[in-house]
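Keep in mind that what you see is a predicted model, and the values were worked out from it rather than measured. Basis for what follows: all heavy atoms, side chains included, without hydrogens, waters or symmetry-related copies.
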Amino acid sequence: MCAFSKDDVKLGVVGCGKMASAILGGVAKNKFMRADDIYVYDINMDSSGVLCREYGFREAYSLKELVKSTDVILLAVKPFVVGEILAELKEYIDEQLILSILAGVKIKKYTSVLKNSKVIRIMPNTPALVNEGMSAICADNKVTNDELDFAFSLMSNCGKVIKTTEDKIDIITALSGSGPAFYFKIIDLMAKSAAKLGLNPDEALLLSSQTALGSSKMIFENDFNIEQLIKNVTTPGGCTEVGNNVLLNSDIETVFDELIEKTMQKAIELG
């Protein structure tokens, strides 16, 4: 295969869990590729069958069938089964491009087994489920610009994407890969604090969630100038200044430093 476009590539997906479903849903809804150019395989045929019925993909009944039918293979299985999957792929694979969304699994893990394959690592996150994902991609040195651009465009169907290098992926795993859980917790804690003071809990959660959503959108629309946005909300001597001072006088920066560092270290250990 000499070019990567929705008209030329046949994509195979191994694993049909939530993240793969989110990516494929975005691909289908945006008509990035023809549905019959996408093959899906999952050891649980109920999962692959659901995607095929919903979007018109082709169902593969074995890894061998999937590999023989495709140019690009997206691995979306659990990291702990990667060794088993690679051992089987090795028997059938030729020079397919491998895309992997497995947390912690390094490119060298793939290239050491699949000698002739090119590999692109992708770190997506769960907001891809609502088309607001954040993905980072990196590649081994055999991957061409066209191949990397294909992966970039593929992931753009379910959110924003950046190109990076593998030495940054574990940090990105901590920040955006695991990050949704941390934001959920912050939003929940703010809502619960307000509920303790008398707000209806459901209303408090709505207020906290929508405030987080709107604040994020304002960052994008103001060139990421967060300090200025803080100033715009903060009236000297006003309510927000009091709240800001609580944060400034707390140990919150140390907490977040530890949060990201320990999560990053876990990602490193998984590799």
- Task: Indicate whether any N or O donor in one side chain lies under 3.5 Å from an N or O acceptor in the other, for T144 and D146.
- Result: no

- Item | Closest contact, heavy atoms only, P127 versus P180 | CD-CG, 3.6 Å

- Can you name the closest pair of heavy atoms from T111 and S117 and give their distance? CG2-O, 4.4 Å

- side chain to side chain contact (heavy atoms under 4.5 Å, CB included) assessment of I122 paired with I23: CA-CA 12 Å; I122 302 169; I23 294 168; 6.0 Å; no

- Is the closest side-chain donor-acceptor distance between D170 and T173 under 3.5 Å? no

- Is there a donor-acceptor pair closer than 3.5 Å between any side-chain N or O of S112 and the backbone N or O of K109? yes

- Judged by modelled atom types alone, do T234 and N244 share a side-chain donor-acceptor pair under 3.5 Å? yes

- Task: Determine whether I252 and F256 make a side-chain contact, defined as any pair of heavy atoms from C-beta on separated by less than 4.5 Å.
- Result: yes

- Validation row: T211, S215 side chains within 4.5 angstrom (heavy atoms): yes

- Item | Side chain proximity check, K18 to T126, heavy atoms < 4.5 angstrom | no

- Message: With a 3.5 Å distance limit and no angle check, can you tell me whether R58 reaches the backbone of D36 through a side-chain donor-acceptor pair?
- Response: yes

- Task: State, with a plain yes or no, whether a side-chain heavy atom of T70 is found less than 4.5 Å away from one of L11.
- Result: no

- Whether N222 side chain and F224 backbone form a donor-acceptor pair below 3.5 Å: no

- Note on the structure: Scanning both residues in full, the closest heavy-atom pair of I187 with S209 reads CG2-OG, 3.5 Å

- Task: Return yes when atom CD of Q228 has more than 12 non-hydrogen atoms of other residues, nucleotides or ligands closer than 6.0 Å, and no otherwise.
- Result: yes

- Under a 4.0 Å N-O cut-off, is there an ion pair linking R121 with E166? yes

- Is a side-chain N or O of N30 found less than 3.5 angstrom from the main chain of N157, in a donor-acceptor match? yes

- Task: Kindly check if the number of other-residue, nucleotide or ligand heavy atoms within 6.0 Å of NZ (K192) is above 12?
- Result: no

- Message: Working note: Q265 + T263, criterion side chain to side chain contact (heavy atoms under 4.5 Å, CB included); need CA distance, chi angles, decisive distance, verdict.
- Response: CA-CA 5 Å; Q265 289 298 331; T263 308; over 6 Å; no

- Message: Under the criterion side chain to side chain contact (heavy atoms under 4.5 Å, CB included), I'd like the reasoning laid out for L102 against Y110: C-alpha separation, chi angles, the key distance, then a yes or no.
- Response: CA-CA 11 Å; L102 279 61; Y110 300 104; 3.7 Å; yes

- Smallest separation among heavy atoms of M134 and N125, with atom names: N-OD1, 2.9 Å

- Just wondering, are more than 12 heavy atoms of other shown residues or ligands nearer than 6.0 Å to NZ in K163? yes

- Would you find more than 12 non-hydrogen atoms of other residues, nucleotides or ligands less than 6.0 Å from Y92 atom OH? yes

- Do side-chain atoms of S153 reach the backbone of F150 as a donor and acceptor pair under 3.5 angstrom? no

- Message: How close do V40 and F57 get, counting heavy atoms only, and between which atoms?
- Response: CG1-CD1, 4.1 Å

- Task: Tell me, yes or no, whether the heavy-atom count around M190 atom CE, taken from other residues, nucleotides or ligands under 6.0 Å, exceeds 12.
- Result: no

- Carboxylate-amine/guanidinium proximity below 4.0 Å for D71 and K10: no

- If two hydrophobic side chains count as joined below 4.5 Å and joins carry through other members, does V13 share a cluster with L97? yes

- Do V161 and I137 come close enough that some side-chain heavy atom pair is under 4.5 Å? yes

- Task: Give a yes or no on whether the backbone of M33 and the side-chain of D37 come within a donor-acceptor separation of less than 3.5 Å.
- Result: no

- Answer yes if L154 and Y55 sit in the same cluster of Ile, Leu, Val, Met, Phe, Trp and Tyr residues linked by side chain heavy atoms under 4.5 Å apart, and no otherwise. yes

- Query: Considering only heavy atoms from C-beta outward, does the side chain of K90 approach that of L86 to under 4.5 Å?
  - Reply: no

- I120 and F32: same hydrophobic cluster, using ILVMFWY side-chain contacts below 4.5 Å? yes

- Message: Applying a strict under-4.5 Å side-chain criterion to I, L, V, M, F, W and Y, I'd like to know whether V9 and L148 cluster together.
- Response: yes

- Shared hydrophobic cluster, I101 / F152 (ILVMFWY, side-chain heavy atoms < 4.5 Å): yes

- Does the side chain of F220 reach to within under 4.5 Å of the side chain of K160, using non-hydrogen atoms? yes

- Query: For atom CD1 of I43, is the number of surrounding heavy atoms from other residues, nucleotides or ligands below 6.0 Å larger than 12?
  - Reply: no

- Any side-chain heavy-atom pair from V105 and L75 closer than 4.5 angstrom? no

- Atom of D94, atom of Q96 and distance for their closest heavy-atom approach: N-OE1, 2.8 Å

- Message: Is it the case that atom NZ in K118 sees more than 12 heavy atoms from other parts of the structure closer than 6.0 Å?
- Response: yes

- Does K106 NZ have over 12 foreign heavy atoms under 6.0 Å away? yes

- Go through the steps for I93 and I98 under the test side chain to side chain contact (heavy atoms under 4.5 Å, CB included), then give the verdict. CA-CA 10 Å; I93 207 157; I98 303 296; 3.4 Å; yes

- Message: Quiz question: by atom type and distance under 3.5 Å, do the side chains of E65 and S62 form a donor-acceptor pair?
- Response: no

